[in-house]
Amino acid sequence: MLISDAKGFVGQTVEIVYRDRTGAQIVDTAEVFDVNFVPLYGPCLITDIGEIRLDRVVTCALFGNRRQVA
């Protein structure tokens, strides 16, 4: 996911699929507060469930909607 794509989700509730450290896919619902550069991690989605690195995002869609960005 690119930073420009992620900024479109700021202030929205999303259904996000991302990979954890071991490579397992995690599906979760989160509110996106910001997209920011976190030192040592790089660009991240800042959410109510924590920071999610953009390079680990598989898909992201508005919750209740099917607009997806990979």
Side-chain angles (χ1 to χ4, degrees):
M1 175 180 272
L2 300 173
I3 292 175
S4 57
D5 296 331
K7 286 185 179 184
F9 294 110
V10 172
Q12 304 289 325
T13 300
V14 297
E15 183 175 75
I16 187 165
V17 179
Y18 62 97
R19 296 190 183 276
D20 66 3
R21 294 183 304 179
T22 64
Q25 283 192 357
I26 299 171
V27 179
D28 214 339
T29 303
E31 183 179 354
V32 179
F33 299 126
D34 197 9
V35 177
N36 209 339
F37 187 86
V38 177
L40 300 177
Y41 291 117
C44 294
L45 284 171
I46 311 300
T47 69
D48 59 345
I49 59 172
E51 293 83 17
I52 301 171
R53 290 174 42 184
L54 293 184
D55 62 343
R56 295 183 185 245
V57 174
V58 177
T59 62
C60 187
L62 292 177
F63 186 69
N65 198 347
R66 293 295 124 200
R67 185 185 110 190
Q68 291 189 355
V69 175

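From a predicted model like this one, the values you see are computed outputs, not experimental measurements. The first residue in the sequence is number 1, and the count goes up from there.
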* Asked: Is there a side-chain contact (heavy atoms from CB on, under 4.5 Å) between Leu45 and Leu54 once you walk through the steps?
  -> CA-CA 7 Å; Leu45 284 171; Leu54 293 184; 3.7 Å; yes

* Spacing of CD1 belonging to Ile16 relative to OG1 belonging to Thr59, to within rounding of 0.5 Å -> 8.0 Å

* Structure fact -> To the nearest 0.5 Å, atom CD of Glu51 lies from atom CG of Asp34 at 10.5 Å

* **Ser4: partners by side-chain hydrogen bond (donor to acceptor under 3.5 Å, both in side chains), with sequence neighbours left out** => none

* Could you list the residues that satisfy side-chain hydrogen bond (donor to acceptor under 3.5 Å, both in side chains) with Asp48, not counting sequence neighbours? => none

* Could you tell me which residues satisfy salt bridge (Lys or Arg N to Asp or Glu O under 4.0 Å) with Arg53, sequence neighbours excluded, listed by chain and number? => Asp55

* Structure fact -> side chain to side chain contact (heavy atoms under 4.5 Å, CB included) filter on Val10, not counting sequence neighbours, yields Val32, Val35

* Asked: Who pairs with Ile49 by side chain to side chain contact (heavy atoms under 4.5 Å, CB included), at least two apart in sequence or on another chain?
  -> Tyr18, Asp28, Ala30, Thr47, Ile52

* Could you identify which residues cluster with Tyr41, counting Ile, Leu, Val, Met, Phe, Trp and Tyr as linked when any side-chain heavy atoms lie under 4.5 Å apart, either directly or through a chain of such contacts? => Val38, Ile46

* Single-linkage hydrophobic cluster Phe33~Ile3, side-chain heavy atoms < 4.5 angstrom -> no

